[in-house]
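Notes for the one structure printed next.
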Amino acid sequence: MSNEQEIKQLVMERLKTLPDNAGLSIGAQGEFNRDELISHVQNGDEIGQKIIEVELSFLRGLKEGILYET
Amino acid sequence: MKHNLLITRPNFDVTTRYLFVWAKKIIELAEKKCGKIFDLKKQRANRKEFESVMRKHEPGLVFLNGHGDERTVAGQDNEVLIRAGENEEILKAKIVYALSCRSGKILGPYSVKAGADAYIGYDEDFYFLYDNDKQSRPEQDKTAEMFLEPASQVMVFLLKNHSPQEAHINSKKSFACQARKLLTSSATSLESSAVKYLIWNMQHQVCVEK
């Protein structure tokens, strides 16, 4: 599995923990439920890339102690 | 000093419905702390009315709710209210908070260059989770509250006469505090999922000043 595929898989697994009654607002991009988010990540489209970016940014931030700097 | 406040509150989709309801809480606080309040809600959140109130009443504080991008903030039905390079001078001598996606990237700096005292916004998309079962009663949605409460702190602190920088820092602290609370073993899966979006919003809130 390529690095990119591994990251997609990680993000999709993490999205699966969202309850099915939860929605995510991404401003003017619209609102998405869990299955739609997973599908966007799987397709690697613009919304999917945004979701991946948030996840990776979070993991990097935790490593750098972002929550304890503020 | 008591500022006059102008607030825009479009309401035409899920996202703007939530912002509309949450901003009502700010109006309630402003009624105690502000001079005049100009509430441009729903159809009144249009460019003609926005520019007219801004020029006639010159409110010191401006709270924009709605969709946006790097160069714009929009009102009802996505009608552009302010566009960088077009009418940002209307924000001259104002303190602005845009609860809107990405306008902190270009519109914010343009506004300050055109004379705004400060522009607080987000330089990336603003994310929030919500409970689908509470869509028709956003004020009861504890999921959305985790996001909109820290975001509202900018206005809460501005209304208490804190500086824009203090309001910005306190809002970021509120995002961090919320995220830390959710990073416990007793957090639900929803709460654990919320943390990354809270941190994102915190990291991308910006304050541009003169």
Side-chain angles (χ1 to χ4, degrees), chain A, chain B residues 13-19 66-69 72 74 78 99-103 122 124-135 141 143-144 147-148 169-183 188-205:
Chain A
M1 201 187 273
S2 69
N3 225 358
E4 192 186 340
Q5 274 304 323
E6 274 182 28
I7 289 169
K8 266 189 183 181
Q9 200 57 46
L10 166 80
V11 174
M12 287 192 292
E13 290 303 322
R14 289 177 64 89
L15 284 171
K16 283 178 189 168
T17 64
L18 261 183
D20 56 9
N21 65 338
L24 178 68
S25 161
I26 316 182
Q29 313 282 338
E31 297 88 24
F32 305 89
N33 65 28
R34 178 189 61 198
D35 294 342
E36 288 167 336
L37 291 169
I38 290 171
S39 168
H40 281 294
V41 172
Q42 195 153 29
N43 295 337
D45 59 21
E46 193 187 341
I47 300 294
Q49 292 299 325
K50 282 176 187 283
I51 298 300
I52 291 171
E53 194 184 344
V54 172
E55 193 73 52
L56 294 181
S57 165
F58 167 62
L59 295 172
R60 275 195 301 268
L62 276 189
K63 193 178 159 197
E64 291 159 10
I66 184 82
L67 279 177
Y68 299 92
E69 288 167 4
T70 308
Chain B
D13 60 10
V14 174
T15 298
T16 53
R17 186 185 315 145
Y18 272 82
L19 300 186
H67 294 307
D69 60 27
T72 67
N78 275 334
L99 183 40
S100 166
C101 294
R102 286 184 266 152
S103 71
Y122 297 84
E124 281 293 343
D125 287 324
F126 180 86
Y127 291 77
F128 68 89
L129 285 165
Y130 60 92
D131 181 346
N132 261 316
D133 302 330
K134 293 280 164 57
Q135 264 193 49
D141 189 336
T143 301
F147 297 86
L148 297 175
I169 287 169
N170 279 298
S171 174
K172 287 181 71 145
K173 280 184 179 168
S174 180
F175 275 115
C177 180
Q178 182 68 263
R180 280 196 296 267
K181 265 197 266 176
L182 301 180
L183 276 177
T188 63
S189 61
L190 174 72
E191 290 170 338
S192 300
S193 299
V195 175
K196 54 180 166 280
Y197 302 114
L198 285 166
I199 293 176
W200 178 269
N201 293 337
M202 175 187 85
Q203 286 182 305
H204 291 285
Q205 189 189 94

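- Side-chain atoms of Met202(B) and Ile66(A), non-hydrogen and from C-beta on, do get closer than 4.5 Å to each other.
- Atoms CZ and CG, from Phe58(A) and Leu198(B) in turn, are 10.0 Å apart once rounded to the nearest 0.5 Å.
- Atom CG of Asp131(B) sits about 4.5 Å away from atom CG of Asn21(A), to the nearest 0.5 Å.
- Contact record, Gly27(A) with Cys101(B): CA-SG, 3.5 Å, taken as the closest heavy-atom pair.
- Taken to the nearest 0.5 Å, the OH atom of Tyr18(B) stands 9.5 Å off from the CD atom of Glu31(A).
- Heavy-atom contacts from other residues, nucleotides or ligands closer than 6.0 Å to CD of Glu4(A) number 12 or fewer.
- In this structure, the portion of Asp125(B) lying under 4.5 Å from any heavy atom of chain A is its side chain and not its backbone.
- Proximity to chain A (any heavy atom under 4.5 Å) is shown, for Leu19(B), by neither the backbone nor the side chain.
- Legend: ring pair (Phe, Tyr, Trp, His ring centres under 6.0 Å) pairs involving residues 4-27 of chain A, not counting sequence neighbours: none detected.
- For the pair Leu62(A) and Val195(B), the minimum side-chain heavy-atom distance is 4.5 Å or more.
- Side chains of Ser25(A) and Thr15(B): a donor-acceptor N/O pair is present below 3.5 angstrom, by distance only.
- Heavy atoms of Ile199(B) lying under 4.5 Å from chain A belong exclusively to its side chain.
- To the nearest 0.5 Å, atom OH of residue Tyr127(B) and atom NZ of residue Lys50(A) are 5.5 Å apart.
- Of all heavy-atom pairs between Asn132(B) and Gly23(A), the closest is ND2-N, 4.1 Å.
- The part of Leu15(A) that comes within reach of chain B is its side chain, from C-beta onward, which places non-hydrogen atoms under 4.5 angstrom from that chain.
- In this structure, Thr17(A) and Ser192(B) have side chains that are not in contact, with every pair of non-hydrogen atoms separated by 4.5 Å or more.
- The CD atom of Glu55(A) sits 8.5 Å away from atom OG of Ser193(B), with the distance rounded to the nearest 0.5 Å.
- The CZ atom of Phe128(B) sits 11.0 Å away from atom CD1 of Ile26(A), with the distance rounded to the nearest 0.5 Å.
- The residue among Lys196(B), Gln203(B), Lys134(B) with the most heavy atom pairs within less than 4.5 Å of chain A is Lys196(B).
- For Tyr130(B), the parts sitting under 4.5 Å from any heavy atom of chain A are the backbone and the side chain alike.
- Interface residue Gln29(A): only side-chain heavy atoms are found under 4.5 Å from chain B.
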